[in-house]
Q: 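I am attaching a structure below and will ask some questions about it afterwards.
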Protein chains: 2
Amino acid sequence: MNIAQHLSTHDIKPSYQRIKIYEYLYEKMNHPTVDVIYKNLVGEIPTLSKSTVYNTLKLFIDKGITSTLTIEDNEVRYDAAIDSHGHFKCTSCGAIFDIKYDFKDVAMNKLKGFEVKETQVHVKGKCNQCLTK
Amino acid sequence: MNIAQHLSTHDIKPSYQRIKIYEYLYEKMNHPTVDVIYKNLVGEIPTLSKSTVYNTLKLFIDKGITSTLTIEDNEVRYDAAIDSHGHFKCTSCGAIFDIKYDFKDVAMNKLKGFEVKETQVHVKGKCNQCLTK
DNA sequence: TCTAAATTTGTAATCATTACAAAAATAAAT
DNA sequence: ATTTATTTTTGTAATGATTACAAATTTAGA
Ligand SMILES: [Mn+2]
Ligand SMILES: [Mn+2]
Ligand SMILES: [Zn+2]
Ligand SMILES: [Zn+2]
């Protein structure tokens, strides 16, 4: 995947910071917070500002190449995956896993005549690894 | 429903503030924020403090008679309904509707061996009423 | 009544996010 | 190449919800 190309295609000028931020999201796929992104890139981009991270992510969302999840109520997380999928967060190790779900059985009875734009599914508990040790 | 009784049963001393706050949650069933609860009760309880609202809701959650939803990333909402159910928020009028969903089709494929403690389903869009006018 | 414990309250601290204007970088025009 | 305009980045201040904490008040017990 050519990241500069991908940004351009979506009407985003591929500046150095934007490329690095998207690259981080896309390659790690770790649902990071702004702070995590910042801390991981400031070594390579010493002049980086948190404002830039916020600005850039807002732009990515506007242009539709990034999504957000609010699985904890005090921090927004970001995801380069934009297809509809849910998330599981292990309360023990903190890892976040993607989960697939079938929307057909989710809420369809009550939502007749409603226009659905966005769905989030958040599950919390303990992951496989944490349970077996 | 006798609210004082209900609180006592769940190991919560039924003070005046606690009764009024639970009464608000239970009778309105409107998924309010702390601020909404405070503004609606301060007329009747002029000395009420927002701290009390926060403290009381935390206690209710600890004791298991209230649940939270984070359908917007900048505000927590509270719900006297504690059974597992999802929520639909109309982005036009702001109303929040309860929705039922079937967990059997939600994520079961990927979650083998995981221990699920809590699930949240959040849907956004436009409600029936807002669409037809 | 006197004393101890629980509850409520007000205020300050925290922390993620937003607002905003200056600085730096990039592109366009001359 | 130099100037000018536009875009992007940056730093700092403002905002707003939540938490921390200690004083004041209320409630319960001796
Ligand atoms: Mn994801
Ligand atoms: Mn509800
Ligand atoms: Zn784990
Ligand atoms: Zn509506």
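Sequence lines set the chain letters: A, B, ... in the order given, protein chains first and strands last, and positions in each chain run from 1. Basis for what follows: all heavy atoms, side chains included, without hydrogens, waters or symmetry-related copies.
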Q: What's the CG-C1' distance between A:D11 and D:dT7, to the nearest Å?
A: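 Roughly 13 Å, once rounded to whole Å.
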Q: List, by chain and then residue number, the residues other than A:L131 in its hydrophobic cluster (Ile/Leu/Val/Met/Phe/Trp/Tyr, side-chain heavy atoms under 4.5 Å); write none if there are no others.
A: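 Answer for A:L131: none, a lone residue.
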Q: Take nucleotides 6-25 of chain C nucleotide by nucleotide from the 5' end and write B, S or -, depending on whether a protein heavy atom sits under 4.0 Å from the base, only from the sugar-phosphate, or from neither.
A: SSSBBB----SBBB------
Q: Taking C-beta and beyond as the side chain, do B:Y38 and B:T52 meet within less than 4.5 Å on heavy atoms?
A: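 Heavy-atom side-chain distance check fails, nothing below 4.5 Å.
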Q: Is the side chain of B:T70 donor-acceptor paired with the backbone N or O of B:D73 at a distance under 3.5 Å, no angle test?
A: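 Not at all, since once roles are kept as given, no pair shorter than 3.5 Å links the two residues.
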Q: Using the ring of each side chain (for Trp, its six-membered ring), is A:Y22 parallel, tilted or perpendicular to A:H6, with breaks at 30° and 60°?
A: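 A:Y22 vs A:H6 ring planes: tilted.
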Q: Would you call the rings of B:H87 and B:H31 parallel, tilted or perpendicular if under 30° counts as parallel and over 60° as perpendicular?
A: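 B:H87 and B:H31: perpendicular rings.
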Q: Take atom CG of A:D62 and atom P of D:dT7, then tell me their distance rounded to the nearest Å.
A: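 The answer, rounded to whole Å, is 16 Å.
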Q: Please give, in whole Å, the distance from D:dT8 C1' to A:F60 CZ?
A: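 To the nearest whole Å, that distance equals 13 Å.
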